Amino acid sequence: MSTRTSHAQTSTPAAGEETAALRRALASTPRPPRASAVQATLAFGWRGMLKVKHVPEQLLDVTITPVMFVLMFTYLFGGAIAGSTGEYLDYILPGVLVMSILFTTVYSGVALNTDLTKGVVDRFRSLPVWRPAPLVGALLGDAARYLVGGTVIVVLGLALGFRPGAGIGGVLAAMALVIVFAFGLSWVFTTLGLLLRSPSAVMNAGFMGIFPLTFLSNVFVEPETLPAGLRAFVDVNPISILATASRGLMHGNADPTEIVIVLATAAALTAIFAPLTTRLYRRG
Amino acid sequence: MTTQPPLAIEATGLVKSFGETCAVDGVDLAVRSGSVYGVLGPNGAGKTTTIRVLATLLRPDAGSARVLGHDIVREAEAVRELVSLTGQLASVDEDLSGQENLVLLGLLLGLKRRAAKARAGELLTAFGLAEASGKLVKHYSGGMRRRLDIAASIVVTPQLMFLDEPTTGLDPRSRNQVWDIVRTLVAEGTTILLCTQYLDEADQLADRIAVIDRGTVIAEGTPGELKASVGSRALHVRLLDPDQRPEAARVLERELGSVHLEADPAALSGPCSDADRAAEAVAELGRASVRIGGFSLGQPSLDEVFLALTGHTAEEQTEDGAADLHEEQAA
Ligand SMILES: Nc1ncnc2c1ncn2[C@@H]1O[C@H](COP(=O)(O)OP(=O)(O)OP(=O)(O)O)[C@@H](O)[C@H]1O
Ligand SMILES: [Mg+2]
């Protein structure tokens with residue numbers, strides 16, 4: 001140690017060894033080339049997965065809630081709405097998949113808002129990485145959770161008698177479509193997450209939007225019976241189109257136009273809200 | 001000063017307001033490469049805001065700054081490649097383990113996974129955290145968290161490091177460990193901008209200090225210069241019985257013209273430039289039956305510097321306290 005450390009009162013031998021180790025650690029770092037956008041995004045995605053690993057309870061809201069929805073709708077309303085539970089399950093299961101995954105997107109905004117209250121965001125923002133990487137990475141991590149939730153729903157559905165006409169391939173295609181749409185929609189909630197003051201405010205505002213949108217769709221009931229004005233809304237509601245497209249993919253009668261509309265909506269949401277989120281995140 | 005090393009930070013007239021509050025109100029800084037520069041000020045002085053502006057996290061409302069030769073607004077990306085930030089709130093992820101935190105930063109800074117892991121292991125050992133490497137950071141003690149925080153800042157050695165109150169809330173042992181780390185970093189060539197509320201810390205670590213209060217730099221210089229600017233020297237007296245301090249204060253006030261009560265309840269001091277006056281004052285204390293544990297004639301503490309510069313001590317932030325330095329000296 002240099003003379004400058006002479007006034008340190010606790011220069012134990014161990015501290016001396018640590019100083020030597022610190023010297024070595026400092027000496028051996030040539031600066032690597034800057035992380036690519038993909039590398040940085042994947043690293044943030046890994047962070048999201050680690051959080052799930054350390055706090056597995058996080059998976060509860062993507063697993064338990066959908067299970068409740070499936071059971072509740074199938075047995076409580078199924079008979080009344082579609083005449084038989086089996087028939088209704090074929091109609092509603094793709095809808096429940098859509099609903100439960102879209103509900104989970106609100107948590108992306110809540111998680112981001114929670115993150116902002118911690119000092120670690122300052123460090124992320126001071127790193128020389130592709131600007132949207134922390135956000136895109138977090139959403140990729142969330143997509144992994146959607147996959148878990150979606151799988152739980154489909155497996156439960158199959159056990160209860162859900163029979164997708166297009167087989168496993170159709171189910172996977174539908175799940176992929178819903179996740180892509182959820183990715184686009186998440187950006188709306190991350191924007192909210194940066195604009196509102198507290199995680200619970202984000203949660204409330206998020207559900208105030210997503211709840212009516214989901215119920216005013218064809219997720220639960222065929223719109224034929226609805227009054228004309230409401231029906232017009234339900235028909236253009238992107239969530240209806242997503243639910244119809246998922247049903248089509250699962251049962252093998254998908255309308256390509258609907259799939260295109262869903263993908264275009266996801267792209268539009270991303271194009272508007274991703275840059276907005278990124279700007280707000282950088283501004284801090 | 002013979003050869004001037006290049007400036008690592010050069011800031012002129014930085015201003016940053018949040019609504020009504022002007023957190024930084026025209027700050028100028030010149031920090032030489034390879035030095036520790038202390039920014040000293042009480043709560044709410046604007047230290048953290050200054051750091052966040054310089055680390056490109058906030059855009060200044062006015063003024064400009066160059067960090068390692070790059071403009072903080074126009075070349076923010078270049079600045080970010082050369083600096084690292086250890087924020088006032090621990091800037092590590094509480095929900096991850098210590099090891100995962102360092103690997104994550106390694107990956108984000110461009111290391112391959114294997115190299116990032118090796119680097120994390122090396123740093124955890126160097127910072128005495130090897131045993132706790134797998135524990136979640138939220139279960140770390142304050143001292144461990146701070147060390148991890150600093151380790152996270154040097155996963156790739158930065159040219160300039162911002163350290164915001166690195167020892168607030170630490171016990172003396174942990175504080176000394178952090179100080180040792182800072183000294184080693186500087187010895188290896190890193191420039192450090194250190195924010196602190198502790199006069200002692202700035203005195204121990206910094207080559208130069210800017211004292212900041214209500215968003216403006218009210219004094220700047222080496223620790224020695226700052227002390228000298230307050231007046232000449234001071235007689236420091238330590239009492240055996242703290243209960244006798246009021247009596248001792250009366251005597252010193254009479255003998256030396258003014259007296260300063262230190263944070264330590266058994267210590268007090270007063271301005272005094274010559275040894276004869278000091279001896280006389282000590283003798284008067286004896287005549288007044290004040291029992292003295294020890295006394296010395298030395299430079300004033302930074303605490304006194306702060307009092308003289310602002311009209312209030314670092315601890316007691318008063319509303320009307322912005323007294324002018326010149327008035328104080330004239331008085
Ligand atoms: N994001 C913000 N929004 C509104 N006001 C802010 C914000 N950040 C800081 N301030 C205000 O700016 C002033 C300076 O704050 P700053 O955090 O820079 O002080 P500081 O010197 O770091 O204090 P401390 O020692 O308590 O950390 C304070 O009055 C604070 O309330
Ligand atoms: Mg601060």
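Predicted model only: the values in this text are computed from it and were never measured. So that the names make sense, note that chain A is the first sequence line, chain B the second, and so on, each numbered from 1.
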Under 4.5 Å from a heavy atom of chain A, the part of [X] involved:
| X | value |
| --- | --- |
| I181(B) | both |
| D149(B) | both |
| A152(B) | both |
| R113(B) | side chain |
| L85(B) | both |

In Å, rounded to the nearest 0.5 Å, how long is the span from [atom1] of [X] to [atom2] of [Y]?
| X | Y | atom1 | atom2 | value |
| --- | --- | --- | --- | --- |
| R52(B) | D122(A) | CZ | CG | 4.0 Å |
| R131(A) | R80(B) | CZ | CZ | 5.0 Å |
| W130(A) | E77(B) | CH2 | CD | 12.5 Å |
| L96(B) | L50(A) | CG | CG | 5.0 Å |
| F124(A) | L104(B) | CZ | CG | 5.0 Å |
| R47(A) | L108(B) | CZ | CG | 9.5 Å |

Between S126(A) and V83(B), is any pair of side-chain heavy atoms under 4.5 Å apart? no
Answer yes or no: is there a side-chain heavy-atom contact under 4.5 Å between L109(B) and V129(A)? no
Exercise: identify the closest heavy-atom pair between W46(A) and E100(B): CZ3-O, 4.0 Å
Heavy-atom pairs under 4.5 Å with chain A, option from T56(B), V92(B), L82(B) with the top count: V92(B)
Max heavy-atom pair count under 4.5 Å with chain A, selected residue of S153(B), G189(B), A115(B), S91(B): S91(B)
Counting N and O atoms only, with roles assigned by atom type, does the side chain of R31(A) sit under 3.5 Å from a partner on the main chain of E81(B), one being a donor and the other an acceptor? yes
With no hydrogens and no angle check, just 3.5 Å: does a side-chain donor-acceptor pair link R123(A) and S84(B)? no
May I ask you to name which of K53(A), K118(A), K51(A) has the most heavy-atom pairs under 4.5 Å with chain B? K51(A)
